[in-house]
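Everything below concerns the one structure shown next.
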Amino acid sequence: MAQNCLGKIRSYYARLSEKEKKVADYILKNPEKIIHNTINEVAEDLQVADATVFRFCKRIGFKGYQAMKIALASEIIEPIQQIHEEINEKDNEKTVADKIFHSNIRTLENTLQILDGNSIQEAVSLLMKANRVEFYGTGGSNVVAMDAFHKFVRTGIKAFAFIDTHFQLMSASQLQENDVAVIISHSGTNKDTLNILKTAKRNGAKTIGITSYPKSPICQYSDVALYTSSEETEYRSEALSSRIAQLSLIDALYVNIMVLNKEKAKHSLGKVREAISDTRM
């Protein structure tokens, strides 16, 4: 898959340093100019060191400035115009809907760009070996945790999730070495969620963190970290934007488990369908 330079920049933007954001803003505003300029010219325009520009390129996943230029050039030679997701007060209902859908699509595309295959593999491996899997999250992230339970209960793996934070903490205190705690937090800095994570680790459970911030405490404490991308707009917070990427990550883990655990999952899914069949007209 071709490397989407502009997508990568938007994906990493919230996690960049102030100097790196300065480089990011320059590239996003002047993509055509970048492919004709040297690293020295860009650094001079921004009044930063060449090393700052080079570190920025490495930060977003390129080997250096030249590699970033090549990826950027391939993007803007045949540009794909995206609907700008900023909502205008004069927009009609359909236009607002269009912008939201395009924003969601871009969030998924940007998350896919930063998704690490090894981390996905490690997370799936932990889940496959788990005796018990619990999903934790507060606020909007709890919605994702409950969605994960709704899916994973079909896999044949013992899966649990609780809405109340105190219940989550109590349950985390009962985890053991063969269990896995999946911690979901957009910011990665929520005190309640971090406390749950630390409690799970103290009991020997393995931990998987899903967050948008690689330097956050939840990322640093987790055995495996999976990252999502998000962008904040005037009418839409970063956290709201990241929700669709979090849900998609859960889907990816779920389907992997269903494929690898086919017979057990098939039996479990049949039991679930039979149990809820009487609820339908």
Side-chain angles (χ1 to χ4, degrees), residues 1-82 84-86 103 106-120 185-190 194 209-222 224-234 236-239 241-242 245:
M1 180 171 54
Q3 288 187 302
N4 182 336
C5 182
L6 298 177
K8 276 175 170 280
I9 293 172
R10 295 187 183 100
S11 299
Y12 279 92
Y13 191 86
R15 304 183 284 277
L16 300 176
S17 68
E18 289 308 310
K19 284 187 177 180
E20 289 170 340
K21 284 181 178 178
K22 193 174 182 181
V23 179
D25 290 337
Y26 183 86
I27 296 172
L28 290 172
K29 290 177 183 176
N30 309 281
E32 296 86 358
K33 188 176 181 181
I34 290 294
I35 62 174
H36 298 295
N37 284 6
T38 65
I39 189 171
N40 309 84
E41 290 170 330
V42 173
E44 187 176 341
D45 279 355
L46 292 171
Q47 296 184 328
V48 298
D50 291 4
T52 299
V53 180
F54 180 77
R55 281 196 302 271
F56 168 81
C57 297
K58 297 278 286 184
R59 184 91 153 89
I60 64 171
F62 294 98
K63 291 182 178 179
Y65 181 74
Q66 191 62 28
M68 186 196 71
K69 276 180 62 172
I70 292 169
L72 186 59
S74 67
E75 271 186 83
I76 63 178
I77 287 173
E78 296 180 4
I80 298 174
Q81 291 294 330
Q82 295 174 327
H84 191 50
E85 73 283 349
E86 288 287 357
S103 178
R106 191 159 80 179
T107 293
L108 290 174
E109 288 175 340
N110 291 347
T111 296
L112 189 58
Q113 287 288 335
I114 61 175
L115 194 60
D116 181 67
N118 290 332
S119 296
I120 284 285
S185 172
H186 165 65
S187 68
T189 58
N190 182 277
L194 184 58
I210 298 179
T211 179
S212 295
Y213 293 88
K215 292 185 178 180
S216 67
I218 281 176
C219 167
Q220 293 171 10
Y221 278 104
S222 296
V224 178
L226 301 173
Y227 307 120
T228 57
S229 168
S230 58
E231 298 175 36
E232 186 162 357
T233 67
E234 184 177 358
R236 198 164 184 243
S237 71
E238 265 189 15
S241 174
S242 72

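Residues take their numbers from the sequence shown, with the count starting at 1.
- Considering NZ of K22 and CD of Q47, their distance stands at 6.0 Å, rounded to 0.5 Å.
- With rounding to the nearest 0.5 angstrom, the CG atom of N30 is 8.0 Å from the CD atom of E32.
- Note: I9 CD1 to I27 CD1 = 4.5 Å, rounded to the nearest 0.5 Å.
- Atom CG of L194 and atom OG1 of T189 lie 9.0 Å apart (nearest 0.5 Å).
- Counting non-hydrogen atoms of other residues, nucleotides and ligands closer than 6.0 Å to OH of Y221 gives a total of 12 or fewer.
- For K19, the NZ atom is loosely surrounded, since the number of other residues' heavy atoms within 6.0 Å does not exceed 12.
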Solution key, residues 57-66 side-chain donor-acceptor pairs under 3.5 Å, sequence neighbours excluded:
from: R59; atom 1: NE; to: E20; atom 2: OE1; distance (Å): 3.4
from: R59; atom 1: NH2; to: R15; atom 2: O; distance (Å): 2.5
from: Y65; atom 1: OH; to: I34; atom 2: O; distance (Å): 3.3
from: Y65; atom 1: OH; to: N37; atom 2: O; distance (Å): 2.9

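- Here the closest non-hydrogen pair linking S212 and S242 is OG-CB, 3.9 Å.
- When all heavy atoms are compared, the tightest approach of P217 to G188 is CD-O, 3.2 Å.
- In this structure, CD in Q220 is found 11.0 Å from CD1 in I218, a value given to the nearest 0.5 Å.
- Between L226 and S119, the closest heavy-atom pair is CD2-CB, 3.7 Å.
- The CG atom of L115 lies 10.0 Å from the OG1 atom of T228; values are rounded to the nearest 0.5 Å.
- Side chains of D25 and Y13: a donor-acceptor N/O pair is present below 3.5 angstrom, by distance only.
- Listed for the T211 side chain is a donor-acceptor partner under 3.5 Å among the backbone atoms of S185.
- Minimum heavy-atom separation, T107 to A245: CG2-CB, 3.9 Å.
- When the options D45, T52, D50 are evaluated for a side chain to side chain contact (heavy atoms under 4.5 Å, CB included) with V48, the one that passes is T52.
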